[in-house]
Protein chains: 2
Amino acid sequence: MATGRAHRPATRSRGIPEATVARLPLYLRALTALSERSVPTVSSEELAAAAGVNSAKLRKDFSYLGSYGTRGVGYDVEYLVYQISRELGLTQDWPVVIVGIGNLGAALANYGGFASRGFRVAALIDADPGMAGKPVAGIPVQHTDELEKIIQDDGVSIGVIATPAGAAQQVCDRLVAAGVTSILNFAPTVLNVPEGVDVRKVDLSIELQILAFHEQRKAGEDAAGDAGVVPPVAARKQQHSTGSADQGPDGDVPAVMPA
Amino acid sequence: MATGRAHRPATRSRGIPEATVARLPLYLRALTALSERSVPTVSSEELAAAAGVNSAKLRKDFSYLGSYGTRGVGYDVEYLVYQISRELGLTQDWPVVIVGIGNLGAALANYGGFASRGFRVAALIDADPGMAGKPVAGIPVQHTDELEKIIQDDGVSIGVIATPAGAAQQVCDRLVAAGVTSILNFAPTVLNVPEGVDVRKVDLSIELQILAFHEQRKAGEDAAGDAGVVPPVAARKQQHSTGSADQGPDGDVPAVMPA
DNA sequence: AGGTGTGAAGTTTTTCACAGCC
DNA sequence: GGCTGTGAAAAACTTCACACCT
């Protein structure tokens, strides 16, 4: 169905730009690291460096949350950690179900960043009856048949799909029907969901393709010499900026996890 | 070296917007599916629906590549597949090394979407000597000591880091020193790289946090009473992408590990 | 009729740069 | 002196809407 549609109409007064929301987790991670080293305060410059963005952007982002800094000094680390956590809704417990316990699902289940960020793996679900009962990351895998029951009993509102592409839409439909309203999709397919349900997608190969695009640009630039195939249109290559990014792609949001 | 090239700003630039580049893999995936079903042509409307974007955006995106459609008809599927592949640099072979063969690394190694898109897993590398020689996805894992040799011998320019956060920067430094100029980072840490090296990151917990933010908002803003108009959450929709990247392309994701 | 290609308008995001407070 | 907070300007991106080709 339609995929089109824009974004939010800005919920009432609290209008934090989407781009800012996408960076809050980044800041939070950097701040958490500082907190663990017992650093009391940071300047926008330092924090920005740690998060991989520029300081003006960071200050602007924080300005949407409120005035939590002190001129001439910087930001109080603990305080900011709390404010951002609260803004992101991480001060509450979010039960999450992971469907599809293959290598990726297992990697996700083992991901430590979950628990420490307000997320709790409520259940691991797989369609393979042979997996049932088998523990992964200390949690016994349950069969797909249990899906609805688990979601309802635990009040799960966030689901993670790590199944093969072919099963994703079906799993998605069941999750939504059972009450899930936010889905993180790792399957390389476009999911159709009813209005009111959020879907975020993470695709391993898309990122690589984007890298290939830039890589090609670096290498080529003239020695293209692709005279093999038919297609017309001169081989006008070109260079585009990216301007030799040194660090992180500040504008992105993708996500997956570490091993 | 890289920075050398005396290129002028060039007024008529062929620079494709970053946002467009990030969507090309999506279109490519949708087109590939159509191609497999032997569909000869598609309209921007149909293709947009399949890719999860709106048609105006899609047409605009394609306009940066050239005029590959036919008015009144649509786009030739095969031709577009070729053009986009070429634009992304997927018509050539990209050897890739994956460092860190835990669950995630294994999931990546098994990911079918790579091979079918111009990527070739040149090597799997892990720091654990016990893993050496063990085959994952049919490829024997090699020890980190071999890293430099592999990169140089195979002319690898793209590296994937799937190690724990603590090892990421070190691995990154070695990759860069050995000649890698594009890195896909799955470790939840900001990598420092010299100019000229591209880094894209994928972080699971960040995506979940963004979902939590929106989820929290849904819960908290429930309009009571059914006045008759759309009550809560105005018009939200589905898939979204953010700034730089997030969608997902093809192939199939991990797989359910049979016993 | 049907559908692309694209200026122009509209929106969001980033960057600048500096007033204002510590 | 140092650093935040933020209007204002700039840039990037999206959407509109329609001329124009088939």
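Every heavy atom of this structure was used, including side-chain atoms; hydrogens, water molecules and symmetry mates were not. Computed from a predicted model, the values in this text were never measured in an experiment. Residue numbering restarts at 1 for every chain, and letters A, B, ... go by the order of the sequence lines.
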Does atom CD of A:Gln170 have more than 12 heavy-atom neighbours from other groups under 6.0 Å away?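 Incorrect, the count does not exceed 12.
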
What contact category does B:Tyr75 fall into here, base, sugar-phosphate, or nothing, at under 4.0 angstrom with non-hydrogen atoms?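 Counting heavy atoms under 4.0 Å across all strands, the contact made by B:Tyr75 is with sugar-phosphate only.
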
Could you verify whether a donor N or O on one side chain and an acceptor N or O on the other, from B:Ser205 and B:Gln209, lie under 3.5 Å apart?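 Yes, because at least one side-chain N or O of B:Ser205 sits under 3.5 Å from a partner of the opposite role on B:Gln209.
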
Does [N] have OP1 or OP2 sitting under 4.0 Å from an N or O in the side chain of [X]?
{"X": "B:Asn54", "N": "D:dT14", "answer": "no"}
{"X": "B:Arg23", "N": "D:dT14", "answer": "yes"}
{"X": "A:Lys57", "N": "C:dT15", "answer": "yes"}
{"X": "A:Thr70", "N": "C:dC22", "answer": "no"}

Ring centres under 6.0 angstrom apart (B:Tyr75, B:Tyr68): no

With nearest nucleotide decided by heavy atoms, which residue, A:Gly72 or A:Ala56, maps closer to the 5′ end of DNA chain C? A:Ala56

Locate the shortest heavy-atom distance separating A:Leu24 from A:Glu87; write the atom from each residue and the value.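 Residues A:Leu24 and A:Glu87, closest heavy atoms: CD1-CG, 4.3 Å.
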
Using heavy atoms to find the nearest nucleotide of DNA chain D for A:Val73 and A:Asp61 separately, return the residue whose nucleotide is more 5′.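 Per heavy-atom nearest nucleotide, the more 5' residue is A:Val73.
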
Side-chain-base donor-acceptor pair under 3.5 Å for A:Arg71 and D:dT4: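 Per atom types, the contact qualifies.
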
